[in-house]
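What follows is a short report on a single structure.
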Amino acid sequence: QVQLVESGGGLVQAGGSLRLSCAAPGRTFSNFAMGWFRQAPGKEREFVAAISRSGGSTYYADSVKGRFTISRDNAKNMLNLQMNSLKPEDMAVYYCGATSLATYSVRPIHYKYWGQGTQVTVSS
């Protein structure tokens, strides 16, 4: 069992920045590739970014590439998402997920564990 707890969401003006964190207490964090997803009202959960178990490989959705940075600290069991140059279309509930696949995935179905989500609101 992996418990995930997101934090760092909030209200920001377009062009601003936010840093999301996902805490994963326990000694198994490094066994999982991790991902960030987001879900806007009335829409399906969509992939944002993912990172390998070691943190050596990352992958981004085209819509956030160059603006968002995913990182992890396995010693602290922490996953982060630095979001810069935020746009109104980035507004959603953001979720972190953990997958036991050997590599990361862009498909939510591959993620076994999820956090409760944190709201990101971007005003124009």
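All values below were derived from every heavy atom in this structure, side-chain atoms included, with hydrogens, water molecules and symmetry-related copies excluded. In this text, all values refer to a predicted model and were calculated from it rather than measured experimentally.
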(request) Might you work through the salt bridge (charged side-chain N to carboxylate O under 4.0 Å, His left out) test for Lys65 and Asp62, ending with a clear yes or no? (result) CA-CA 5 Å; Lys65 200 172 297 182; Asp62 288 343; 3.1 Å; yes
(message) Counting C-beta onward and ignoring hydrogens, is there a side-chain heavy-atom pair between Lys87 and Arg67 closer than 4.5 Å?
(response) yes
(request) Compare every heavy atom of Ser124 with every heavy atom of Ala14, then report the nearest pair and how far apart it is. (result) CB-CA, 4.3 Å
(message) Less than 4.5 Å apart, side chain to side chain, heavy atoms only: is that true for Ile70 and Met83?
(response) no
(message) Nearest 0.5 Å, please: how far is CZ in Arg107 from CG in Leu101?
(response) 10.0 Å
(message) If you count heavy atoms of other groups shown closer than 6.0 angstrom to CZ of Arg19, is the number above 12?
(response) yes
(message) ring pair (Phe, Tyr, Trp, His ring centres under 6.0 Å) for Phe37 and Tyr95? Distances and angles first, verdict last.
(response) CA-CA 5 Å; Phe37 290 76; Tyr95 298 89; 8.9 Å; no
(message) Tell me the closest heavy-atom pair linking Ser17 and Asn84, and the distance in Å.
(response) OG-OD1, 2.9 Å
(request) Can you see which heavy atom on Ala50 is nearest to which on Tyr111, and at what distance? (result) CB-OH, 4.0 Å
(request) Could you tell me whether the side chain of Met34 reaches within less than 4.5 Å of the side chain of Leu4, counting heavy atoms only? (result) yes
(request) Taking atom types as modelled, find out whether Gln82 and Asn80 have a side-chain donor-acceptor pair closer than 3.5 angstrom. (result) no
(request) Without swapping roles, check the side chain of Asp73 against the backbone of Lys76 for a donor-acceptor pair under 3.5 Å. (result) yes
(request) Measure across Ala24 and Phe29 and return the closest heavy-atom pair with its distance rounded to 0.1 Å. (result) CB-CD1, 3.3 Å
(message) Nearest 0.5 angstrom please: Thr99 OG1 to Asn31 CG, how far?
(response) 12.0 Å
(message) With a 4.5 Å cut-off on side-chain heavy atoms, are Val120 and Asp90 touching?
(response) no
(request) Begin with the C-alpha distance, continue with both residues' side-chain angles, and end with the deciding distance and a verdict on side-chain contact (heavy atoms from CB on, under 4.5 Å) for Thr121 and Val12. (result) CA-CA 6 Å; Thr121 302; Val12 64; over 6 Å; no
(message) Could you see if Met78 belongs to whatever hydrophobic cluster contains Tyr113? Use Ile, Leu, Val, Met, Phe, Trp, Tyr and a side-chain cutoff under 4.5 Å.
(response) no
(message) Would you say that Tyr60 contacts Thr69 through its side chain, given a criterion of any heavy-atom pair below 4.5 Å between the two side chains?
(response) yes
(request) Determine whether Trp36 and Phe47 fall in the same hydrophobic cluster, where Ile, Leu, Val, Met, Phe, Trp and Tyr are linked whenever their side-chain heavy atoms lie under 4.5 Å apart. (result) no
(request) Show your reasoning for whether side-chain contact (heavy atoms from CB on, under 4.5 Å) applies to Met91 and Gln119. (result) CA-CA 8 Å; Met91 185 161 58; Gln119 176 71 48; 4.1 Å; yes
(request) Evaluate the criterion side-chain contact (heavy atoms from CB on, under 4.5 Å) for residue pair Leu81 and Phe68; output intermediate values, then yes/no. (result) CA-CA 7 Å; Leu81 183 69; Phe68 291 11; 4.2 Å; yes
(request) Compare every heavy atom of Val48 with every heavy atom of Tyr94, then report the nearest pair and how far apart it is. (result) CE2-CG2, 4.2 Å
(message) Does the plane of the ring in Tyr59 sit parallel, tilted or perpendicular to the ring in Tyr104? Use 30° and 60° as the thresholds.
(response) parallel
(request) Considering non-hydrogen atoms only, spot the tightest contact between His110 and Ser105 and give its length. (result) ND1-OG, 2.6 Å
(request) Report yes if some heavy atom in the side chain of Trp114 is under 4.5 Å from a heavy atom in the side chain of Cys96; otherwise report no. (result) no
(message) Do Leu79 and Ile51 make a side-chain contact, defined as non-hydrogen atoms from C-beta onward lying under 4.5 Å apart?
(response) yes
(message) My understanding is that a hydrophobic cluster links ILVMFWY residues whose side chain heavy atoms are under 4.5 Å apart, including indirect links. Using that, what else belongs to the cluster containing Val5?
(response) none
(message) Contact between Arg53 and Ser30 at the side-chain level, heavy atoms closer than 4.5 Å - yes or no?
(response) no
(message) How long is the straight-line distance from CZ of Arg72 back to OG of Ser54, given to the nearest 0.5 Å?
(response) 8.0 Å
(request) Start with the C-alpha distance between Gln116 and Glu6, add both sets of side-chain angles, then the distance that settles side-chain contact (heavy atoms from CB on, under 4.5 Å), and finish with yes or no. (result) CA-CA 7 Å; Gln116 82 288 353; Glu6 299 100 337; 2.9 Å; yes
